[in-house]
Amino acid sequence: MPELPEVEEYGRYIARHALGRRIVRPRVLDERILGATRAAAFVRSLRGRSFTRVRRHGKHLFVYTDRKPVLHLHFGMTGDLAAYRDASKQPRFAKIVFDFEDGSHLAFEDVRLFGVAELIDDPDHFIIDHSLGRDPLDPAFTLKDFRALMSRRTGAIKALLMSQEVVAGLGNLYVDETLFQTGVHPRRSSAKLSGEEIAAIFRTMRAVARKPRLHVPREEGSPCPRCGGVIRRAVAAGRTTYYCANHQR
DNA sequence: TTCCATGTTCCGCA
DNA sequence: TTGCGGAACATGGA
């Protein structure tokens, strides 16, 4: 379930279950998850290494080792992690498994293969090369910065918040939640938002990225839990969108 | 059998 | 140049 809050949890999960453990055997169960990395290089580069640090930017996770290549993980739509000791607990859709010296295992699983587990040289270069925007949880990300980003945009606010080049980490569900909480219609033009609305979106987006419960019912015709209006289902920014037809304008 | 899916990328069009 | 719709990717689950 990978948007920013989930990826943040995966980062902590790796910190808890993998950091400081020596990899005795990296196993590639399905090469299609490797992106541009070749299986032989993946195994050769990680065998004998230890994971030393986890870093997240948006929906991307970077796991450093005690040497050069950095493991880059992206969870696509169905990526997940599983740590276990009993080898029989290996997940059905595991694509990569790390066998650690202490007998524990960490699996990267992904049913639909939209995720990636690959080796890269430098996360900073990766972020630049992929034009990733600011991370909502970055403490240095200010409302002023956000206003500057917004000022050059005219398209629908939902598309803007979904774009990883503007703000990195929000996906379909959390964008719907942000707009629901701020009372802004997903198709509103970014250029027509008031200063107050932009500030509210900024605040809410950052709060939502810390993973509160989601309030927008993802079901057409449900009553709005906030105002009693009716929840509508539509397509915006190419994605199924749920919003309250009454209080989101 | 058909439809749907929390992501990203690429193409074509306005 | 900007923005967006649609398709593609690959697959399981309702």
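We name chains A, B, ... by the order of the sequence lines, and we start the count at 1 in each one. What you are looking at is a predicted structure, and each value in this text was computed from that prediction instead of being measured.
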Residues in ring pair (Phe, Tyr, Trp, His ring centres under 6.0 Å) contact with A/F75, at least two apart in sequence or another chain: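 Result, ring pair (Phe, Tyr, Trp, His ring centres under 6.0 Å) vs A/F75: A/Y10, A/F108.
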With sequence neighbours left out, what residues match A/Y13 under ring pair (Phe, Tyr, Trp, His ring centres under 6.0 Å)?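 A/Y13 satisfies ring pair (Phe, Tyr, Trp, His ring centres under 6.0 Å) with A/H17 only.
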Let me know the distance between [atom1] of [X] and [atom2] of [N], rounded to the nearest Å.
X: A/H130; N: B/dG7; atom1: NE2; atom2: P; value: 17 Å
X: A/K59; N: B/dT6; atom1: NZ; atom2: P; value: 10 Å
X: A/L73; N: B/dT8; atom1: CG; atom2: P; value: 14 Å
X: A/L132; N: B/dG7; atom1: CG; atom2: P; value: 14 Å

Check the interface with nucleotides 10-14 of chain B: list each N/O to N/O pair with the protein under 3.5 Å, or write none.
none

Step by step, would you call A/Y243 with A/H185 a ring pair (Phe, Tyr, Trp, His ring centres under 6.0 Å)? CA-CA 7 Å; A/Y243 66 99; A/H185 193 287; 4.6 Å; yes
Which stems, defined as runs of 3 or more consecutive Watson-Crick or G-U wobble pairs with both pairing distances under 3.5 Å, involve DNA chain B?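 Correct response: B:2-5 with C:11-14, B:7-14 with C:2-9.
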Under 4.0 Å from a heavy atom of chain A: give me the 5'-most and 3'-most nucleotides of DNA chain C that qualify.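 Range of nucleotides touched by chain A: C/dG3 to C/dG13.
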Taking NZ, NE, NH1 and NH2 as the nitrogens, is one of them in A/D121 or A/K68 under 4.0 Å from a carboxylate oxygen of the other?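 No, no charged N to carboxylate O under 4.0 Å.
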salt_bridge(A/K95, A/D80) N-O dist < 4.0 Å: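 Salt bridge between A/K95 and A/D80, a charged N being under 4.0 Å from a carboxylate O: no.
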Quick one: label A/F93 by what it contacts on the DNA or RNA (base, sugar-phosphate, nothing), any heavy atom closer than 4.0 Å.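 A/F93: backbone/sugar contact only, no base atoms under 4.0 Å.
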Classify the nucleic acid contact of A/R239 as base, sugar-phosphate or nothing, counting any heavy atom under 4.0 Å across all strands shown.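 Base contact - A/R239 has a heavy atom under 4.0 Å of at least one base atom.
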Would you say that more than 12 heavy atoms from the other residues, nucleotides or ligands in this model lie under 6.0 Å from the CD of A/E31, or not?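 No, because the 6.0 Å sphere around CD of A/E31 holds 12 heavy atoms or fewer from other groups.
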Specify the residues of [range], ordered by number, for which at least one heavy atom lies under 4.0 angstrom from an atom of DNA chain C.
range: residues 216-223 of chain A; answer: none
range: residues 112-129 of chain A; answer: A/R112, A/L113, A/F114
range: residues 155-188 of chain A; answer: A/G155, A/A156, A/A159

In a table with atom names and distances, give each donor-acceptor pair under 3.5 Å that connects a side chain of residues 37-49 of chain A to protein atoms at least two apart or in another chain.
residue	atom	partner	partner atom	Å
A/T37	OG1	A/L119	N	3.0
A/S45	OG	A/A41	O	2.8
A/R49	NE	A/D66	OD1	2.8

Going by the rule salt bridge (charged side-chain N to carboxylate O under 4.0 Å, His left out), which residues pair with A/R206 if we only count those two or more places apart in sequence or in a different chain?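 Partners of A/R206 under the salt bridge (charged side-chain N to carboxylate O under 4.0 Å, His left out) test: none.
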Can you name the residues that form a salt bridge (charged side-chain N to carboxylate O under 4.0 Å, His left out) with A/K59, not counting sequence neighbours?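 Partners of A/K59 under the salt bridge (charged side-chain N to carboxylate O under 4.0 Å, His left out) test: none.
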In residues 227-241 of chain A, what donor-acceptor pairs under 3.5 Å come from side-chain atoms, sequence neighbours left out?
residue	atom	partner	partner atom	Å
A/R233	NE	A/Y242	OH	3.2
A/T241	OG1	A/K158	NZ	2.9
A/T241	OG1	A/A236	N	3.4
A/T241	OG1	A/R239	O	2.9

